[in-house]
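Structure first, then comments.
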Number of protein chains: 2
Amino acid sequence: MIMSRIEARRDEDSAAAASPLTDRLLAVLPAEAVLTDPDVTASYANDMASFCPAGAPAVVVLPRTVEEVRHVMRTATELRVPVVPQGARTGLSGGANATEGCIALSLTKMDRVLEISPVDRIAVVEPGVVNAVLSRAVGEHGLYYPPDPSSWETCTIGGNIGTASGGLCCVKYGVTAEYVLGLDVVLADGRLMSTGRRTAKGVAGYDLTRLFVGSEGSLGVVVRAVLALRPKPPRQLVLAAEFPSATAACDAICRIMAGGHVPSLLELMDRTTVKAVNDLAHMGLPETTEALLLAAFDTPDPAADLAAVGALCEAAGATQVVPAEDATESEMLLQARRLALTALEAVKGTTMIDDVCVPRSRLGEMLDGVERIAAKYELTIGVCAHAGDGNTHPTVCFDARDPDESRRARESFDEIMALGLELGGTITGEHGVGVLKKEWLAREIGPVGVEMQRAVKQVFDPLGILNPGKLF
Amino acid sequence: MIMSRIEARRDEDSAAAASPLTDRLLAVLPAEAVLTDPDVTASYANDMASFCPAGAPAVVVLPRTVEEVRHVMRTATELRVPVVPQGARTGLSGGANATEGCIALSLTKMDRVLEISPVDRIAVVEPGVVNAVLSRAVGEHGLYYPPDPSSWETCTIGGNIGTASGGLCCVKYGVTAEYVLGLDVVLADGRLMSTGRRTAKGVAGYDLTRLFVGSEGSLGVVVRAVLALRPKPPRQLVLAAEFPSATAACDAICRIMAGGHVPSLLELMDRTTVKAVNDLAHMGLPETTEALLLAAFDTPDPAADLAAVGALCEAAGATQVVPAEDATESEMLLQARRLALTALEAVKGTTMIDDVCVPRSRLGEMLDGVERIAAKYELTIGVCAHAGDGNTHPTVCFDARDPDESRRARESFDEIMALGLELGGTITGEHGVGVLKKEWLAREIGPVGVEMQRAVKQVFDPLGILNPGKLF
């Protein structure tokens, strides 16, 4: 839709582009890759954390080649214009929100899968490849790219790298960072740097690859990535267990993990979330439950593993344990989980999604605390969690048109992060800092940490043009 | 033995310690933690790459607390004295070799396992904990710390972190970097910084944890680490397969990995290595083989997995496939593999152990090339390899008393690295750069990479006192 509008206005844009910035950009980029119509550029101002402040981009660029990205960065350096790298803008922390007058550098047109090697178990991709497209492409070779953020059908690998995304798979397979072997990065001044490797191992020099993963576009622009793949596991089988309290569900999680089990998924939805999902999609989930636990195994004998885990759930007080009998039933349960955030958004129109990760031994205290905070602020806060990782998403539901409720929402959101830190956790397990949590980063990593991180930023971006105002 | 000598000379040392440096150190460190007897300090000059240049330490310090380490670093900063952090000095690249007049900062006395949590699947340790000690301690809780460098019975976790060590397990379980969640680091000026987390996930700010892993003591001194653990897998069962050529063995490796198998170990020994092991330890390995492949599985049904892999070996031309029938036979085969480097050292008295990692699809070309290089330089070069990772250890055997042979050894060693780079590999899969490969680092990462890495070093160590002369 946007694209047809862009085409219609291209001539108009070209005429309007008589600024030094667009002139310089158009010296190398084709006209269709340089958008200046304010209606169009405004649509690139936000990621999904739409309540975070965002400026208006001066221009949106949609390069298709590394050389075009280099030209954008050289231009930005010459003219001292801020650059905000963007993927599909599905992020939840405002990390891709525009800075006033910036170049919004959308990598979505660099969307080629360049190579898939079953022997080396790697894929080489451009940053704009959509996660699901890559997953399906490698699947055809019997391979598996695990990171699966909820937005996997639309989010890009470049965005996943920028935010070090997680997902449902992490309890067994880890996060995006574990799958990035090497990068080509365009630096702030337009120079091209390669990091890492395409081999299974490698320790030549500092691990700059990992430094870039999760750096939210503030150190350079990823234009190519070598990703590690795994063999495709057997299809997972899911079990659902109902608990009379969140504490009992958390007890079950501790028993499962201490018992040496390796589930491919271990998710929790609280009563509020279950009800929201039912209200939205009439899934027929059990609303009598205080906490619904989903566990899955993709092992050679998942039914046996589910039986063992089911017994642990019962020992922890589960009132009902229902293993899915086949892939269809499993998929229905996962679908309910994937709807959680959308369903909670429907409750009051707007949500603030927290992303606190605590040691899983402290998960029960975390859930208790969130309930206390919800009562204190008289708010609905639903919790869904990648429970096996201790990664909770307490989701504050509020009416953004109500100033008092909005204020209470923000206060409760902050209090949840404070609780997470108290419990030995982190303010962000997988969504990143962006704009939303930048005041909190310092509280988590301390003054020495902030000083060293800022100094690292200075090394890669001495002019401060790369995604300014994010993280710090 | 060293310790008894130290004790005997303690009084003498204290008397001899009347320099500004030792005076300042002794203001906080106890006398037994500050060694100045040249006979003793000389014994801390080298790691296992003894042919790399090393200076004489001015003093060896053996702190037991974080505060003592901080005092050492503050002193070093004040007096502009270089500091070389050391673990068990089992490294193979000279990364722990002393700089002339340095403080050799041995972390071996900080050897406590502070915490093991089966629910959170983490261990918190001091840097001087020996890898095997940790492995056994977590094993008692049903847990597993995978990284297993060959020196695991003596090397320390701090050293493993400094060099980002690998081992035999990596083909399934990855390298040390995958298991480091958080660090406490004493910076060059004595400030204490915490990085990372104790949670399963976390993306708050830049990943400085990973930046420190593999930084060879050049960015700070690790004084505490939070390590990720896994549930202990079933005991692995090993298969040995003989091949009529290295090419056929590499073909088998490609078939195994492309076939979606996940062995817990996939190792290769060439004919030279097999013969050396037999000569040393009379293991009765088949000397008729051109390449011996060891594969193992720690799955629920390892015999079935070994049968499948055995069939792939036969399809690739294996002349004999012998699965171990039990743990004892498996252990014998692994023992042979672990003896490889020692055995090759016995061939001519000295070795230079290369550590080139190539994409596993290029492994055959790598082995062919090494054979060509050995012939060209008229040298014995045995290859053992973590073949599943493409990580080869071509080991040049030479007589260090023969200048011409020593020169040819170094030239062949370099030519092997050049070959690795040509094949899309890295000069170091797991041993690090240290002194040995610092001229090669620039060839691998290029001028922009070197410039950015040097700038990162400058951030953390503006005075250049931390392990100077290594890496770059």
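Order of the sequence lines fixes the chain letters, A, B, ..., with proteins taken first and strands second; residue numbering starts at 1 for each chain.
Heavy atoms closer than 4.5 Å to chain A are found nowhere in B:K438, neither backbone nor side chain. Of the two parts of A:I256, only the backbone, made up of N, CA, C and O, holds a non-hydrogen atom closer than 4.5 Å to a non-hydrogen atom of chain B. The part of A:T163 that comes within reach of chain B is its backbone (N, CA, C, O), which places non-hydrogen atoms under 4.5 angstrom from that chain. If you measure heavy-atom distances from A:V175 to chain B, the contacts under 4.5 Å come from the side chain alone. A:C170 touches chain B through its side chain: at least one heavy atom from C-beta onward sits under 4.5 Å away, while N, CA, C and O do not.
A side-chain contact (heavy atoms from CB on, under 4.5 Å) with A:V448 is found for one member of B:L192, B:V185, B:L187 and no other, namely B:L187. Among A:M452, A:R454, A:Q453, the single residue meeting the side-chain contact (heavy atoms from CB on, under 4.5 Å) criterion with B:V459 is A:M452.
Comparing B:G196, B:S215, B:G390 by heavy-atom pairs within less than 4.5 Å of chain A, the highest count is held by B:S215. Annotation: maximal heavy-atom pairing with chain B below 4.5 Å, among A:S165, A:G260, A:S194, occurs at A:G260. Interface summary for chain B: among A:K232, A:H431, A:H261, A:E216, the most heavy-atom pairs under 4.5 angstrom belong to A:H261. Top candidate by heavy-atom pairs under 4.5 Å with chain A, chosen from B:E430, B:Q458, B:R198, B:R255, is B:E430. Contact count versus chain A (heavy atoms, under 4.5 Å) is highest, among B:S361, B:G388, B:G214, for B:S361. Heavy-atom pairs under 4.5 Å with chain A peak, among B:V262, B:V356, B:L219, B:T195, at B:L219. Most heavy-atom pairs under 4.5 Å with chain B: of the set A:A177, A:A455, A:G259, this distinction falls to A:A455. Heavy-atom pairs under 4.5 Å with chain A were tallied for B:G174, B:S218, B:P300, B:P447; the largest tally goes to B:S218. Taking chain B as the reference chain and counting heavy-atom pairs below 4.5 Å, the highest number among A:R121, A:M193, A:R362 is found for A:R121. For the options B:A164, B:A204, B:S117, B:P118, heavy-atom pairs under 4.5 Å to chain A are most numerous at B:A204. Put simply, of A:V433, A:L208, A:I445, the one with the most heavy-atom pairs under 4.5 Å next to chain B is A:L208.
A donor-acceptor contact shorter than 3.5 Å is absent between the side chain of B:D389 and the backbone of A:K201. Looking only at distances, no side-chain donor or acceptor of B:R210 sits under 3.5 Å from a matching main-chain atom of A:L211.
B:F460 has its ring centre no less than 6.0 Å from the ring centre of A:Y206.
Rounded to the nearest 0.5 angstrom, B:R191 CZ and A:E451 CD are separated by 4.0 Å. Atom CG in A:D207 sits 11.0 Å away from atom OG1 in B:T209 (nearest 0.5 Å).
The two residues A:C357 and B:A200 have their closest heavy-atom pair at SG-N, 4.4 Å. Between A:G202 and B:T426, the closest heavy-atom pair is CA-CG2, 3.9 Å. Annotation for B:T199 and A:P359: closest pair CG2-N, 3.4 Å, computed over non-hydrogen atoms. Between B:G205 and A:L441, the closest heavy-atom pair is N-CD1, 3.6 Å. Considering all non-hydrogen atoms of both residues, B:V203 and A:G432 come closest at CG2-N, 3.5 Å.
For A:E444 and B:R197, the salt-bridge test fails: no basic side-chain N is under 4.0 Å from an acidic carboxylate O.
The number of heavy-atom neighbours closer than 6.0 Å to CD of A:E439, taken from other residues, nucleotides and ligands shown, is 12 or below.
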